[in-house]
Protein chains: 2
Amino acid sequence: MSKIRIKDIALEAGVSVGTVDRVLHNRGRVAKDVEEKVKEAIRLLNYQPNLAARSLARNRNHKIAVVLPPHKEDEFWRAQRKGVLRALRNTKDVGLSGDIFTFDDRKQGDLLKLSGQLFSGDYEALVIAPTTTEDAVLILDQCDKHSLPYVQINSNIEREKSQSLGYVGQDSFQSGRLAAKLLDLSTQNKSTVAVLHMESDVKNSSHMIAKEMGFLDYFDQNKGYQVITRRIVEIEDEKKLSDQIEYLLASDDSMKGFFVTTSRAHYIVEVLIKLGRSDIVLVGFDLIQKNIDALKSYKNIFLINQNPALQGFYGVMRLFDYILQNKRVDDKKYLPLDVITLENVSNYSHIQDRDNNDEVYL
Amino acid sequence: MSKIRIKDIALEAGVSVGTVDRVLHNRGRVAKDVEEKVKEAIRLLNYQPNLAARSLARNRNHKIAVVLPPHKEDEFWRAQRKGVLRALRNTKDVGLSGDIFTFDDRKQGDLLKLSGQLFSGDYEALVIAPTTTEDAVLILDQCDKHSLPYVQINSNIEREKSQSLGYVGQDSFQSGRLAAKLLDLSTQNKSTVAVLHMESDVKNSSHMIAKEMGFLDYFDQNKGYQVITRRIVEIEDEKKLSDQIEYLLASDDSMKGFFVTTSRAHYIVEVLIKLGRSDIVLVGFDLIQKNIDALKSYKNIFLINQNPALQGFYGVMRLFDYILQNKRVDDKKYLPLDVITLENVSNYSHIQDRDNNDEVYL
DNA sequence: TGAGATATTGTGTGCGTACACGCAAAAATT
DNA sequence: AATTTTTGCGTGTACGCACACAATATCTCA
């Protein structure tokens with residue numbers, strides 16, 4: 001097979017390696033007939049550059065900045081950060097390095113404090129999880145002004161092209177439709193299902209709304225269900241939570257399923273078990289430990305995994321492609337919506353922390 | 001940050017790069033105190049070898065052989081082959097190359113014809129999909145005799161350690177349990193479900209049996225269902241197939257779901273639509289085009305995706321880890337069992353052919 | 001025709017690592 | 001004490017490519 005070097009092309013075309021180099025990178029300064037000859041040789045020998053040598057010779061280091069919400073107490077963001085770190089490890093030797101910045105997405109304006117560092121000139125591109133929309137818009141505007149390309153992950157703020165390199169993350173609307181399908185198939189027709197927004201913070205509100213929209217959309221196309229929406233508050237208070245659920249169940253005899261739009265389905269599981277209502281079908285989000293545990297104690301539940309680690313990973317890799325491979329994309333990349341039950345959870349949670357499984361990308 | 005070279009360590013430890021090299025690869029021939037000093041410097045500076053330079057300098061080429069069933073008319077094997085090719089592309093510049101051999105798994109003994117080439121000495125390891133057990137055992141025995149390490153993918157023949165580097169593939173038993181859970185949740189208690197073995201070739205028989213076992217195991221632990229097993233034959237004959245299904249449905253009024261243990265669920269979909277029995281819940285396997293189409297025309301169906309492309313990919317990558325990274329594993333790696341419906345299929349089929357999304361691994 | 005400008009092509013060095021080789025000092029053997 | 005052998009360490013080259021620079025060819029216009 002092939003082990004064709006630039007030298008071999010040069011020999012074949014009867015020129016020097018310098019000329020081949022000029023053709024390869026079209027730096028000009030090559031006579032047209034010679035250029036054709038070289039290109040022909042490249043084609044003939046099916047030259048494939050050795051990426052290891054290339055990245056070694058380039059000897060560049062491109063720095064990027066990654067802006068994420070805090071991960072201390074949030075498994076979702078922790079997983080995302082893991083994906084980012086993995087991508088950074090994998091690209092370290094091939095010219096990409098990065099710093100991760102954390103902002104408190106519960107504090108209005110906290111994101112803006114980073115702008116000094118982000119636009120210091122040290123970074124040539126950005127990965128950002130723009131959870132606080134108003135602040136993020138300002139940051140992205142600055143990116144445009146400074147001509148800093150950026151990839152959005154997890155949440156997407158639609159932008160006029162500009163410096164945007166697109167979005168990598170969840171398709172919340174579709175995940176709502178998926179949840180609806182799961183409830184549809186696992187409950188009986190002519191029953192009632194409820195959308196439960198369980199939030200303690202507002203950061204996910206746009207996702208929650210999109211999920212509800214998708215959910216409603218599905219049942220708009222698949223008649224026979226009554227859908228109601230409730231906001232569940234004071235989740236931490238066991239008694240109050242239980243009361244809310246009990247009230248909800250009492251309000252409609254044909255209540256068959258709940259769609260929890262956040263990662264807090266496990267709270268509902270506890271309540272349902274206590275109420276002896278394990279007939280209710282649940283659909284929730286995210287493979288956090290408490291939800292995984294809930295799979296074991298409750299049968300009628302599906303979890304939808306949105307692959308947070310892959311969001312971080314692909315977010316960085318997209319910048320890598322852009323900076324070092326000259327591949328520009330500015331479209332959306334929706335990650336798979338994994339349907340998780342007790343029967344298939346093991347393989348997915350294994351995936352989440354396969355940090356050891358290190359790869360390095362050229 | 002890091003950009004620590006061997007040279008830097010040498011400087012720090014007051015020795016030459018040659019000595020550092022000897023320590024790094026423990027080639028011996030280094031005084032104990034000096035070795036300690038170097039190791040200390042490595043620790044201190046947190047040295048991380050530059051893998052691009054490493055693979056360039058090594059300038060090795062390790063050849064492996066990959067043995068797969070034919071892919072001409074089989075989307076499953078085609079996907080698997082794609083995964084293999086992707087892994088080979090990605091490792092090309094870092095010292096791993098491979099040849100793919102095809103054997104006809106419908107012909108007894110065809111695999112054995114390859115042994116001349118496989119053991120020619122050109123290859124230092126093997127990835128094999130041992131679908132024809134008897135033949136495969138002979139091949140694997142020869143591997144042991146020639147000290148050729150091998151990774152099994154897709155099907156696993158249990159071996160006494162030997163040269164085995166483990167298994168990458170599906171967990172058929174668990175996929176049966178998953179199918180059972182899906183049917184359990186989407187049908188009503190006290191109903192009947194049927195396992196349908198639809199085979200035209202025998203190669204998958206062990207998988208089919210394992211799937212049935214898992215299915216039965218689930219309903220052993222979750223009572224209330226009656227499970228029957230049927231072999232469906234003459235699949236291509238529309239009339240005969242329809243008759244078999246009709247007979248099956250007539251035999252039990254409470255029949256609610258079918259578990260198709262092969263990738264041929266789409267045949268059943270056609271029949272059910274014609275029979276006007278779209279109440280039957282189906283669980284089938286594999287994201288082949290006809291099944292994907294079936295998702296659109298039939299609501300009550302789940303497909304389980306066994307990630308054939310990842311099987312090929314990880315199979316090769318495992319050899320890569322072993323040969324070039326010195327990481328030896330000989331355990332099983334079960335790939336995720338993706339639950340697919342019409343609502344989430346788009347993201348998965350996208351994954352299947354992301355050939356463009358090229359990465360290169362060091 | 002020839003000097004100077006310009007277009008075209010060739011040469012050399014370095015990227016960080018692996019590895020072969022060689023030299024010196026220490027140890028073992030005679 | 002002279003020698004061989006072993007041990008410990010440094011030097012140099014190659015890997016394939018990018019890129020700076022040197023060198024040569026071609027053209028321009030007087």
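Between B/Lys3 atom NZ and C/dT17 atom P there is a gap of 12 Å when expressed in whole angstrom units. Rounded to whole Å, the distance from CD1 on A/Ile6 to C1' on C/dC15 is 14 Å. Rounding to whole angstrom units, CZ of residue A/Arg60 and C1' of C/dC15 are separated by 13 Å. Nucleotide D/dC21 holds its C1' atom 13 Å from the CG atom of A/Asp21, rounded to whole Å. One interatomic measurement links the two molecules: NE2 of B/His25 to C1' of C/dA20, which rounds to 14 Å at whole-angstrom precision. C/dA7 atom P lies 16 Å from atom CD of A/Glu35, rounded to whole Å. For the pair B/Lys7 NZ and D/dG10 P, the computed distance is 15 Å after rounding to whole Å. Per the geometry, CD1 belonging to A/Ile9 stands 11 Å off C1' belonging to D/dC17, to the nearest Å.
Counting any heavy atom pair closer than 4.0 Å across all strands shown, A/Leu56 reaches a base atom. Within the nucleic acid shown, B/Arg29 comes within 4.0 Å of at least one base atom, counting heavy atoms only.
Ring-plane geometry between B/His146 and B/Phe119 is classed as parallel, the angle between the planes falling under 30 degrees on a 0 to 90 degree scale with a further cut at 60.
Along DNA chain D, the nucleotide nearest to A/Arg22 and the one nearest to B/Asn59 differ in position, and the one closer to the 5' end is contacted by B/Asn59.
Checking the phosphate oxygens (OP1, OP2) of D/dC9, no side-chain nitrogen or oxygen of B/Thr19 falls inside 4.0 Å. Residue A/Arg5 places at least one side-chain N or O closer than 4.0 Å to OP1 or OP2 of D/dG16.
Between the side chain of A/Asn307 and the backbone N or O of A/Leu335, no donor-acceptor pair lies under 3.5 Å.
Applying the 3.5 Å distance criterion, the base of D/dG8 shares no donor-acceptor pair with the side chain of B/Arg27. On a pure distance criterion of 3.5 Å, no polar donor-acceptor pair joins the side chain of A/Arg58 and the base of C/dG14.
Remark: A/Lys39 engages A/Glu35 in a salt bridge, criterion side-chain N to carboxylate O under 4.0 Å. Remark: B/Asp93 does not engage A/Arg54 in a salt bridge, criterion side-chain N to carboxylate O under 4.0 Å.
Distance from the side chain of B/Ala57 is smallest to C/dT17 among D/dG10, C/dG10, C/dT17. Relative to the side chain of A/Ser16, the nucleotides D/dC17, D/dC15, C/dT11 differ in distance, and C/dT11 lies closest. When each of C/dT8, D/dC17, C/dG16 is scored by its nearest atom to the side-chain atoms of A/Ala31, the top-ranked nucleotide is C/dT8.
In this structure, B/Leu45 CG and B/Tyr47 OH are separated by 11.0 Å, a value rounded to the nearest 0.5 Å.
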